Amino acid sequence: MTAPPQRFRPDGLGWDGDILWVADYFRSVMAGVATSTGSVVSVVDTISPMTQGGQRGTTRIVVGGDHLWAATPAGLFVAERDGSAGSILDVGGGVSDLAAGPDAVWATVWPGTWQAELVRVDLTDRQVTRLPLQDRTEALVAGTEGAWFVHGGDHLLSVVAPDVGGVVDRARLPGSLWGFGLGQEVVVAVVAVPRGRARGNGVICGVLRFDRASGRMVGVTRREGLCKALLVDGHHAWMQSRVDSHVHPRDGTPMPETESVIERIDLDDGEVVEWLTISTAGVHALAGSQSEVWARGFSYEAQFPWVARVDLRDGTVGPPVDFSVIDVAGFTQRVRTLRTAPA
């Protein structure tokens with residue numbers, strides 16, 4: 001088994017306006033990046049057992065109420081918004097999925113059996129309510145109406161009310177899930193469906209929109225190729241659109257492998273309203289809002305992930321965050337604040 005690299009490997013992203021929180025893929029540690037400067041300003045130990053080899057440490061990060069929450073193998077890590085005064089909230093097992101709603105944090109918990117549980121943690125009194133599930137969840141989002149999730153085995157889209165009274169199945173997705181988000185009025189699911197040999201192989205990407213009130217599918221936006229890195233904010237969604245032949249999805253013109261396209265979709269009518277060519281390929285995740293977007297990608301040249309700001313006005317990608325200031329093997333305090341930004 002290969003040992004984890006002796007440097008911070010960025011994975012999950014959590015955005016808090018002033019701070020972009022970035023999880024390390026292998027270890028239970030998070031880095032806080034000041035969005036104003038792009039510099040690492042804090043390192044937070046999520047107090048979970050160190051992981052080895054292919055096991056993952058902190059996997060999801062959200063902001064719920066006045067606190068920062070993170071999914072770890074030991075349970076839910078809860079801290080102040082700046083990452084200080086952190087502790088583990090025991091929810092009966094390791095946490096794989098995590099979402100924050102207006103009144104509660106929702107988590108998929110594995111209590112040491114093959115059957116997962118959906119857990120609701122009230123933001124006011126930390127009361128924990130449990131609901132057994134038949135399968136793992138592929139993705140999880142939360143709103144005033146409760147928690148929406150996709151079953152891992154059969155791609156079934158379901159919703160659970162805030163009182164955790166039971167699961168209501170809404171629809172079966174037609175393909176594998178590549179993105180999941182909550183808009184102002186719709187739930188957004190990005191699925192990939194194989195075209196088949198008769199239609200030239202590859203995949204067709206569908207951006208499905210479900211009404212939050214009724215659960216009824218209200219529209220689908222079809223895109224050629226594989227779509228990923230979904231970001232939903234209000235009435236719009238952004239995602240990376242990629243086609244197998246490296247041509248622009250709008251006009252079919254050739255594109256170099258060092259570029260990719262971020263599309264903006266109007267969630268009211270499903271129309272693609274903007275194509276933004278960015279100067280990098282391999283974008284795997286987006287975080288932020290329509291006014292500020294951060295991306296995590298993979299550098300094929302360096303063979304390592306990167307995190308950087310993306311300017312939605314002209315598609316330029318800022319310098320990658322310098323995570324070399326983090327000593328992943330030597331931190332001992334829960335929170336270490338860097339008093340001066342690295343040069």
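Reckoned from all heavy atoms, side chains included, excluding hydrogens, waters and symmetry mates. None of these values were measured; they are calculated from a predicted model.
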Using atom types as modelled and distance alone, determine if a side-chain donor or acceptor of Arg170 lies under 3.5 Å from a backbone N or O of Ser214.
-> yes
So, do Val95 and Thr72 sit near enough that their side-chain heavy atoms are less than 4.5 Å apart?
-> no
For Gln127, does the CD atom have more than 12 heavy-atom neighbours from other residues, nucleotides or ligands under 6.0 Å away?
-> no
What is the minimum heavy-atom distance between Gly181 and Val141, and which atoms define it?
-> CA-CG1, 4.0 Å
Of all heavy-atom pairs between Trp294 and Leu13, which one has the smallest distance, and what is that distance?
-> O-CD1, 4.4 Å
Roughly how far, to the nearest 0.5 Å, is CZ of Arg120 from CG of Asp103?
-> 6.5 Å
Indicate if Leu140 and Leu76 have the same hydrophobic cluster label, given that clusters are the connected sets of ILVMFWY residues with side-chain heavy-atom separations under 4.5 angstrom.
-> no
Please check if atom CD in Glu274 has more than 12 non-hydrogen atoms from other residues, nucleotides or ligands closer than 6.0 Å.
-> yes
Ala142 and Trp106: which non-hydrogen atoms are nearest, and at how many Å?
-> CB-CD1, 3.5 Å
Between Thr129 and Val119, is any pair of side-chain heavy atoms under 4.5 Å apart?
-> no
Is there a donor in the side chain of Asp18 and an acceptor in the side chain of Thr35, or the other way round, less than 3.5 Å apart?
-> no
Test item: Arg209 and Val220 side chains (from C-beta on) under 4.5 Å apart, heavy atoms | no
Point-to-point distance, once rounded to the nearest 0.5 Å, from CZ of Phe180 to CG of Leu157 = 5.0 Å
Taking the side chain from Thr221 and the backbone from Gly270, do they hold a donor-acceptor pair closer than 3.5 Å?
-> yes
Indicate if Val328 and Val40 have the same hydrophobic cluster label, given that clusters are the connected sets of ILVMFWY residues with side-chain heavy-atom separations under 4.5 angstrom.
-> yes
Evaluate the criterion side-chain contact (heavy atoms from CB on, under 4.5 Å) for residue pair His67 and Arg126; output intermediate values, then yes/no.
-> CA-CA 12 Å; His67 291 84; Arg126 304 279 175 90; 3.6 Å; yes
Are Leu182 and Leu98 connected, step by step, through hydrophobic side chains (Ile, Leu, Val, Met, Phe, Trp, Tyr) whose heavy atoms are closer than 4.5 Å?
-> no
Once you round to the nearest 0.5 Å, how far does OG of Ser87 lie from CZ of Phe77?
-> 7.5 Å
Establish, from distance only, whether the side-chain atoms of His151 and Thr137 form a donor-acceptor pair under 3.5 Å.
-> no
What distance do Ile19 atom CD1 and Ile61 atom CD1 have between them, rounded to the nearest 0.5 Å?
-> 12.0 Å
Can you check side-chain contact (heavy atoms from CB on, under 4.5 Å) on Val78 and Leu68, steps first, answer last?
-> CA-CA 6 Å; Val78 190; Leu68 181 70; over 6 Å; no
Write down the atom of Asp82, the atom of Trp21, and the distance for their closest heavy-atom approach.
-> O-CH2, 3.5 Å
Give a yes or no on whether Leu177 and Leu156 share a hydrophobic cluster (residues Ile, Leu, Val, Met, Phe, Trp, Tyr; joining criterion: side-chain heavy atoms under 4.5 Å apart).
-> no
Leu208 and Met217: side-chain contact (heavy atoms from CB on, under 4.5 Å), yes or no, with the steps?
-> CA-CA 7 Å; Leu208 282 60; Met217 190 174 78; 3.9 Å; yes
Got a donor-acceptor contact below 3.5 angstrom from the Glu271 side chain to the Asp266 backbone?
-> no
Closest heavy-atom pair, Gly215 versus Phe210, reported as atoms and distance to 0.1 Å, is O-CD2, 3.6 Å
Spacing of Phe323 atom CZ and Arg9 atom CZ [to the nearest 0.5 Å] = 12.5 Å
Full working for side-chain contact (heavy atoms from CB on, under 4.5 Å) between Asp154 and Arg172 | CA-CA 7 Å; Asp154 53 14; Arg172 194 176 304 277; 3.2 Å; yes
With the side chain counted from C-beta on, respond yes when Val167 and Leu131 share a heavy-atom pair under 4.5 Å apart, and no when they do not.
-> yes
Linked, directly or transitively: Val168 and Val164 (ILVMFWY side chains, under 4.5 Å) | no
Rounded to the nearest 0.5 Å, what separation is found between the CG atom of Asp45 and the CZ atom of Arg27?
-> 12.0 Å
Can you tell if the side chain of Ile265 reaches within under 4.5 Å of the side chain of Met239, non-hydrogen atoms only?
-> yes
Residues Arg212 and Glu185 bridged, charged N to O under 4.0 Å | no
Where Ala295 and Trp306 come nearest, the two heavy atoms and their spacing = O-CZ3, 3.6 Å
Taking side chain as C-beta onward, heavy atoms only, is Val160 less than 4.5 Å from Trp148?
-> no
Are more than 12 heavy atoms from other residues, nucleotides or ligands located less than 6.0 Å from atom CG of Asp163?
-> yes
Which of Asp24, Val43, Asp11, Thr46 passes side-chain contact (heavy atoms from CB on, under 4.5 Å) with Met30? Answer is Thr46
Aromatic ring pairing His236/Trp238, orientation class (parallel under 30°, perpendicular over 60°, tilted between) | tilted
Val293 side chain reached by Leu231 side chain, heavy atoms, under 4.5 Å | yes
Exceeds 12 heavy-atom contacts within 6.0 angstrom, atom CH2 of Trp15 = yes
With a 4.5 Å heavy-atom cut-off, do Leu133 and Phe149 have their side chains touching?
-> yes
Test item: side-chain donor near acceptor, Trp110 and Ser96, under 3.5 Å | yes
